[in-house]
**Q** 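To start, I am sharing the structure in question, which I have written as C-alpha cells.
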Amino acid sequence: MDTLSQLRDELEAEYHTTRKFTEAYPDGKNDYAPHEKSMKMMHLATHIAEIFGWPDTILKTSELDFANGDFQPKHLAGREDLLNTLDENFKSGKKALENAKEDDLNDTWALKNNGQELAKWTKYNAIRHALNQITHHRAQLGVYYRLNDIPLPGSYGPSADHPSF
C-alpha cells in the first residue's frame, strides 16, 4: 500500500475544502467567540492553517513540546494573512510527504507540554491525527460562521448556503 500518496491526497483534499472556508473568513470578527471558553475566531482559523504544516514537523522531528520548543502560534491580522499561511503550510506539508519514505511513518512522535507527554503515536498516526484535527476545527469554524450569518461553503458535498457542489 502506498500510504504516503494516500496521505498526500487527503491533505490536498482537506486543503481545497479549508481554502474555501478561509476565503469566507470575515475580516473584523477576529475576536468573536461563541462562548467564554471558546477560542477566538482568528485563533481558531490560524490553528487550522498551521496544522497543514504539521506533516513537515512530524516527519522532521521526534516530538513537539509546546512549552520548550520553537513553536510559537502566529498572530495574523485577517483573511489575506490566513490564506497566505494556509498556502505556505500546505506546500510544506505536501512537500514533506512527497520527500518521505514509507518507513519514516513507523518512527515514534510525541506531543508534549513542558516535558509532560500528552500523546505518543507512530508518525503515521500523528499525521492522521493532524488530518482529523483539520476536519474537527474546520467544523468548529463552520459553527462560528453560522452564528454570524456567514454562508458556509460545502465540505464533503453541498451546504445549505451552497446547494451545488
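The basis for the numbers below is simple: all heavy atoms, side chains too, and nothing from hydrogens, waters or symmetry mates. This chain uses plain numbering: 1 for the first residue, then up along the sequence.
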**Q** Looking only at atom types and distance, does a side-chain atom of T17 sit under 3.5 Å from a main-chain N or O of E14, one as donor and one as acceptor?
**A** no

**Q** Can you tell me which residue among E23, R138, K20 is in a side chain to side chain contact (heavy atoms under 4.5 Å, CB included) with P153?
**A**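 Among the candidates, only K20 passes.
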
**Q** Are N30 and Y25 linked by a side-chain donor-acceptor pair shorter than 3.5 Å?
**A**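 Y25 and N30 do have a side-chain donor-acceptor pair below 3.5 Å.
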
**Q** Are W121 and T108 linked by a side-chain donor-acceptor pair shorter than 3.5 Å?
**A** no

**Q** For the side chain of E117 and the backbone of A110, is there at least one donor-acceptor N/O pair under 3.5 Å apart?
**A**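 Side chain of E117 to backbone of A110, a donor-acceptor pair under 3.5 Å: no, none is there.
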
**Q** Check whether any side-chain heavy atom of L7 lies under 4.5 Å from a side-chain heavy atom of R128, and answer yes or no.
**A** yes

**Q** Kindly compute the distance separating CG (D81) from CZ (R79), expressed to the nearest 0.5 Å.
**A** 11.5 Å

**Q** Between S164 and P158, which heavy-atom pair has the shortest distance, and what is it?
**A**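 Smallest heavy-atom distance, with atoms named: N-CB, 4.4 Å.
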
**Q** When you check the side-chain N and O atoms of T135 and N132, is any donor under 3.5 Å from an acceptor?
**A**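 No, no side-chain donor-acceptor contact under 3.5 Å.
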
**Q** Dump the intermediate steps for side chain to side chain contact (heavy atoms under 4.5 Å, CB included) on H162 and L152, then the final yes or no.
**A** CA-CA 7 Å; H162 296 278; L152 291 179; 5.7 Å; no

**Q** Kindly give the heavy-atom pair with the smallest separation between A33 and Y144, and that separation in Å.
**A** CA-CE2, 4.4 Å

**Q** Would you give the length of the straight line joining atom NZ of K29 to atom CG of N148, rounded to the nearest 0.5 angstrom?
**A**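 Between atom NZ of K29 and atom CG of N148 there are 4.0 Å.
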
**Q** Please round to the nearest 0.5 Å and tell me the distance separating atom CG of D161 and atom OH of Y145.
**A** 12.0 Å

**Q** Return yes if a side-chain donor-acceptor contact under 3.5 Å exists between D104 and Y124, otherwise no.
**A** no

**Q** Applying side chain to side chain donor-acceptor pair (under 3.5 Å) to W109 and T122, what does each step give before you reach the verdict?
**A** CA-CA 6 Å; W109 193 80; T122 63; over 6 Å; no

**Q** Which atom names give the shortest non-hydrogen contact between L97 and I127, and what distance separates them?
**A** CD2-CD1, 4.0 Å

**Q** Any side-chain donor paired with an acceptor under 3.5 Å for N106 and K123?
**A**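 No, because no side-chain N or O of N106 sits under 3.5 Å from a partner of the opposite role on K123.
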
**Q** Test your reading of the model: is there a side-chain donor-acceptor pair from T85 to the backbone of L82, 3.5 Å cut-off?
**A** no

**Q** Would you say M41 and L83 are hydrophobically clustered, going by side-chain heavy atoms of ILVMFWY under 4.5 Å?
**A**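 No: no chain of side-chain contacts under 4.5 Å links M41 to L83.
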
**Q** Measure the shortest side-chain to side-chain distance between F21 and S155 over non-hydrogen atoms and say whether it is less than 4.5 angstrom.
**A** yes

**Q** Once rounded to the nearest 0.5 Å, what's the spacing between atom OG of S92 and atom CG of L59?
**A**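 Here the rounded value is 10.5 Å.
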
**Q** For the CZ atom of F66 and the CG atom of N113, what is their distance to the nearest 0.5 Å?
**A** 7.5 Å

**Q** Any non-hydrogen side-chain atom of K91 less than 4.5 Å from a side-chain atom of F52?
**A**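 No - every pair of side-chain heavy atoms lies 4.5 Å or more apart.
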
**Q** Do K112 and L118 have side chains that get closer than 4.5 Å, going by heavy atoms?
**A** no

**Q** Test your reading of the model: is there a side-chain donor-acceptor pair from D27 to the backbone of G78, 3.5 Å cut-off?
**A**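 Pair absent, no side-chain N/O of D27 close to backbone of G78.
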
**Q** Measure across E12 and K94 and return the closest heavy-atom pair with its distance rounded to 0.1 Å.
**A** OE1-NZ, 3.1 Å

**Q** Please examine the side chains of K120 and E63, heavy atoms only from C-beta on, and report whether any two atoms are closer than 4.5 Å.
**A** no

**Q** Is the closest side-chain donor-acceptor distance between E50 and H47 under 3.5 Å?
**A** no

**Q** Would you say NZ of K74 has more than 12 non-hydrogen atoms from neighbouring residues, nucleotides or ligands within 6.0 angstrom?
**A**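 Atom NZ in K74 is crowded, with more than 12 foreign heavy atoms closer than 6.0 Å.
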
**Q** If you measure from OG1 on T22 to CD on E80, what distance do you get to the nearest 0.5 Å?
**A**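 Result: 11.0 Å between the selected atoms.
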
**Q** With a 4.5 Å limit on heavy-atom distance, are the side chains of N114 and N68 in contact?
**A** yes

**Q** Taking D65 for its side chain and A67 for its backbone only, find out whether a donor-acceptor pair lies under 3.5 Å.
**A**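 Side chain of D65 to backbone of A67: a pair is present.
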
**Q** Which pairs with one or both residues in residues 51-60 pass side-chain hydrogen bond (donor to acceptor under 3.5 Å, both in side chains), sequence neighbours excluded?
**A**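 Qualifying pairs, neighbours excluded: D56-K60.
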
**Q** Return the minimal non-hydrogen interatomic distance between Q133 and I51, and the atom names on each side.
**A** CB-CD1, 3.7 Å

**Q** Looking at every heavy atom in both R146 and A160, which two are closest together, and how far apart are they?
**A** NH2-CB, 4.3 Å

**Q** So do the side chains of D31 and M42 get within less than 4.5 Å of each other, counting heavy atoms only?
**A**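 They are not in contact (no side-chain heavy atoms under 4.5 Å apart), so the answer is no.
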
**Q** Could you tell me if the side chain of M39 sits less than 4.5 Å from the side chain of H137, heavy atoms only?
**A**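 Of all side-chain heavy-atom pairs linking M39 with H137, at least one is under 4.5 Å.
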
